[in-house]
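Hydrogens, waters and symmetry mates are skipped; everything else that's a heavy atom, side chains included, is used. Order of the sequence lines sets the chain letters (A, B, ...), proteins ahead of strands, with each chain counted from 1.
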Amino acid sequence: MATTTQAPPRVLRRPVEAPSGLWSWLTTVDHKRIGVLYGVSSFLFFLAGGIDALLIRLQLGKPMNELFSPDHYNGFVTMHATTMIFMALMPMSVAFFNYIVPLQIGARDVAFPRLNAFSFWVFLLGGLIMSSSYLVDAIPNQGWYGYAPLTIREYSPGLNVDFWIVGLQILGVATIAGAINFFVTIINMRAPGMSLMRMPLFCWMTLITTVLILLAFPVFTIALTELLFDRHFGTTFFDSTRGADPLLWQHLFWIFGHPEVYILIMPAFGIISEIIPVFSRKPLFGYAAMVLASMAIAFLGFGVWAHHMFTTGAGPVAYTFFALSTMLIAVPTGVKIFNWLGTLYGGSINLRPPMLFAVGFIGTFVIGGLSGVMHGTVPVDWQQSDSYWIVAHIHYVLFGGTMFALFAGIHYWWPKFTGTMLNDKLGQATFWTMLVAFHVTFFPMHFLGTAGMPRRMSIYPTGTGWDFWNLVATVGAFALAASVWLFVMNAFISLRRGEPAGNDPWDGATLEWAIASPPPVYNFARIPTVSSRDPLWVEKRSEETAVELGFAPRRAVAVVADPVEARVHMPNPSFWPLVAAVGLSMIFAGFLMPWYLGAFPLITLLGIPVLMVGITSWSFEPAG
Amino acid sequence: MARAIAHDEQGRLLPQAGHGDSDIHDHGHDDHGGEHPTSTGLNNVKVLMWTFIASECLLFGSLISTYLAVEGRTIPNTPGPELFDIPYTSVSAFVLLFSSLSMVLALAGLQAGDQRQLRIWLFVTAALGLVFLGGQYYEFSTFYFEEFWLDKNFLGSSFFLLTGFHGAHVTVGVIWLLALWLYSLRYGIAPEKSLLVEISGLYWHFVDVVWIVIFAVVYLIPYSRIEGGGH
Ligand SMILES: [Cu+2]
C-alpha cells in the first residue's frame, strides 16, 4: 500500500479538489461527473427524440397530409422509439445509477471507475453514430423492433438498417458493461452495516435492473449479430425464402424486448420509492414486500414475451400460457402500487415538485398498466394489435411512467447535483403543464385505436372519423414540448442564480443528503456505518432528542469537514477508456463504410488495434 | 415524526476509521484487487468475472438455441451434419479439456511460489489453445471445400456463427495467456498477484466448458440422428 505514494511517471494524477477544463472531463473516472455526462447527453437525446415526435404529430395532425414522405415518416417513427428507449430513457436512468447509487450505499466510487468511463464513451459514440444517419439521409426506417425478414438486405437494401444495427450493438456493449459494473458495486461496495435489506429501494431497483440487462441484452446482441451476418456475410438466419423460420427474429427480439420494458421501468420504481417516503415524512410502507414484488416482476418478465406475438398463430396452448403469465405480473405490480399508497396514507404530505411528479407517476402508470392487462387478453389483443391503442399504452407506461419518474428524480436530486434549488413555482408549472398535455396527447389514442386507426401509417384518408382526436393529440404534443421547455428554463435559472440548497433541503432519509451539495470528489470524508434503513433520519432524530435532553449531540461524521480528506486516496483519471471506446465503435462502424477492395471492412480492421492499445494501456497503467 | 421512525432499529451513523490506520483507502479500484474488504468478502474482479460469464452464457445460449431451432429442418441436397468428423473433433475437444488441467497447474505453481511451473504451464495452456484453433481452421477449410459454409444454408449459418464465436473466445484467451506468459517471463508474477492468473483461468475454464456443450449439442446429437436414422 505504501508504494502507492510513489508517483508513477507519465500518468495523470487526480488531485482531491475537482479539476476543470475539457481534458478533465475526457479523462474523468469520477462517478458523479460520469453521471452528469450521462444526464446531459441523455437529455439532449431526449430532446432529439422529442423533435421526432413533434414531426410525427405534425404529419398526423390532419388527414391526407403530404408534409413528409412515407419513407421519412417511417424514419421519424423508428428513430423516435430507438432514441427514446436506448439513448434517452435508459441512459438517463444510468445517470441516476452513477450519481446516486455510490452515495446511497456509502461508497467513494463504483467498483470499476475506468470501466464506468468506458461505458459512457461507448454509449455516447453509439448514440452519435446512430444519429449521424440523419446526416447521410439514411435514417433507420424499419421500426424499432427491426422485424426480420423485412430487415434482410433483399427487402431493406439501404444503409438505414445498418445504422440501426451498428448503433444498437455499440449501445448494447455500453449497457452490458455498465450493468456488470453496478452489479458488482451494489453487491460489494456497501458501507459497513448496510446489509442488502437496509439498502435504499433505489439501489435495490438498480440491482434488479442490472440483472435484467445481463440476462436480456445478450439475446438481443446475438439477434443483431445474426442480422448483421445476414446482411453482410450471406448467412440465412432470417431469409425465409431459403428455409429460415420467419418467427425466429420475433422470438429473439421479444425475449429481450419484454424484459427491456422492465429495464425501463424498474429505475422509475426506485426513484418513486425514494421520493414518496421523504415527502410523506414516513418510512416506506412494506419495504420487504416491495423488494420481493420487484423480483417477482423481473422473474415473470422473462416468461411473457409471446404476448407480443398473439397474432402470429402460435396456437391455443401458447396463447393460454402467455396470457396467464402476463396477467400474473399485474399482481406484484399491484403490490407496489398499494405500498406507495400505504406510504402516503397518514403521512404529512408535502407537495413540492418532486412529489407532484411522483404522485402523477402513480396515476398515469396505473392507467398504462390497466390498458396493458387488457391487451394481455388474447381476443382483445387481436382487436387492438397494431392499433393506436398500443401506442397509447406504451406512452402511458414509458412517458407517464418512466419519464414522469425521471423528472421526479431530476427535481428531487437537482439540489444534490448542482448545489442550487430549482424554482418551486416553475417546477409546479412544469408538472401541471406536462400532466395535462400528456393526457391530452395520449388519452385520445385509446379512442383512435378503438376506432380502428392502425399505427405506423403516415397518411390516413378523410372520412374515417379520426381527424378530431388526431388534431387534439397534435396540440397536446406541442403543449408537452412547452412543459419540457419550462423545465429547461428552470434548470438554466437555477444554475445561474438558484438559491443555495445546503446539504439536505428535503429532510432526506438516505446517505447522499448527509454530505455537501454537490458532494466532494471523495464523497465521504469517512465511510459511514449504517444501522438502519433510513440512516439519516435516525441520526437526525436522535440528534434532536439529544439536544432536548441536554446531551451533546452526536454529529453525523459525514457532515463534518474532516481533516483526513486531504489524505483520501482516489483513482487516477485516464484517457484509455475513451481510446478503447473509439476502437470498439470503429469495429462496428466499419460496416457502415464502403469496404476496402470490396472485401475488407477497413475501419473495422483499423479499430481492432485501437481497441487493443486502449485495453492494454488501461491494464498496465497504475490505477492510483 | 418520532412516531414515524419509531419502528426503525435504533442506530446512528457512527464514525468509522478506514481499515488500516488513519489512511482511508476505501474506494473503487480496478487494480487493487483483493486488498480492500468488500461487503461480501469476495474480490471485486472475481465477481465481475462471474457476472461477465453469466452474461456470456446467455450469448452462447442464444446461439445454441438458434442452432437447435433450425437444426431439425433439413433442405434436400445441401450439406450438413454428415460431414462432421466425430473422432477428429473428439481429439480437439480433449486438447481443450487438457488445457483446463494445465491452467490449474499454472495457478497451483504460482500459488506455491514456483515461477518455473507457472511459466511452463501458462505456455502449455496457450499452446494447447493454439492447437485447438489450428484444428478448427483445418475443420472449417475442409467443410468449405465440401460446400458446407455459412452462406450455403441456415444450418451452416448457425453452425459457423456459433463455433466461430467460440473460436473468437479461444483466440482472446490465447492472447491473454500469452500476454501473461510474456509478463511472467519479463517481470515474474508475485504469488499475491495470483488473481491475475486466476481470473484468466476462470475465463479459460468457461470457454472450455462451453466447448463441451457445443460438442454435445452441435456435433453429437445431429450426428447420432443421422447414424440412427440411416440413409
Ligand atoms: Cu411485453
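Here the OG-CD distance, from S62(B) to E226(A), works out to 8.0 Å after rounding to the nearest 0.5 Å. Between F237(A) atom CZ and L63(B) atom CG the span is 7.0 Å, to the nearest 0.5 Å. Note that CD1 of I175(B) and OG1 of T616(A) are 9.5 Å apart. Values are rounded to the nearest 0.5 Å. One finds the OG1 atom of T51(B) at 8.0 Å from the CD1 atom of I187(A) (value rounded to the nearest 0.5 Å). Between the CZ atom in F256(A) and the CG atom in L58(B) there is a gap of 12.5 Å [rounded to 0.5 Å]. Interatomic distance, L48(B) CG to F183(A) CZ, rounded to the nearest 0.5 Å: 10.5 Å.
Two residues are said to be in side-chain contact when any heavy atoms from C-beta on lie closer than 4.5 Å; Y183(B) and F620(A) meet this criterion.
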Worksheet item: Step by step, would you call T236(A) with K152(B) a side-chain contact (heavy atoms from CB on, under 4.5 Å)?
Response: CA-CA 8 Å; T236(A) 63; K152(B) 294 296 181 225; over 6 Å; no
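Contact of F160(B) with chain A is not made at all, since no heavy-atom distance falls under 4.5 Å. Using a 4.5 Å cut-off between heavy atoms, F229(A) contacts chain B through its side chain alone, with no backbone atom that close. L150(B) touches chain A through backbone and side chain together, each having a heavy atom under 4.5 Å away.
More than 12 heavy atoms of other residues, nucleotides or ligands sit less than 6.0 Å from atom CH2 of W176(B). Counting heavy-atom neighbours within 6.0 Å of Y345(A) OH, excluding the residue itself, gives a total of 12 or less. The local environment of CZ in F285(A) is sparse, with at most 12 non-hydrogen atoms from other residues, nucleotides or ligands closer than 6.0 Å. More than 12 non-hydrogen atoms from other residues, nucleotides or ligands lie less than 6.0 angstrom from CZ of F143(B).
For S55(B) against L214(A), the heavy-atom pair with the smallest separation is OG-O, 3.1 Å.
Formation of a donor-acceptor pair under 3.5 Å by the R242(A) side chain with backbone atoms of D151(B) is found in this model.
Contacts with chain B were tallied for T221(A), T225(A), N116(A), L215(A); L215(A) has the most, counting heavy-atom pairs under 4.5 Å. Most heavy-atom pairs under 4.5 Å with chain B, from the set L248(A), I180(A), T210(A), I222(A): that is I222(A).
Results of the side-chain contact (heavy atoms from CB on, under 4.5 Å) test with V184(A) over V47(B), T38(B), L42(B), V45(B) single out V47(B) as the only residue that passes.
The closest side-chain donor-acceptor pair between N188(A) and S39(B), if any, does not fall under 3.5 angstrom.
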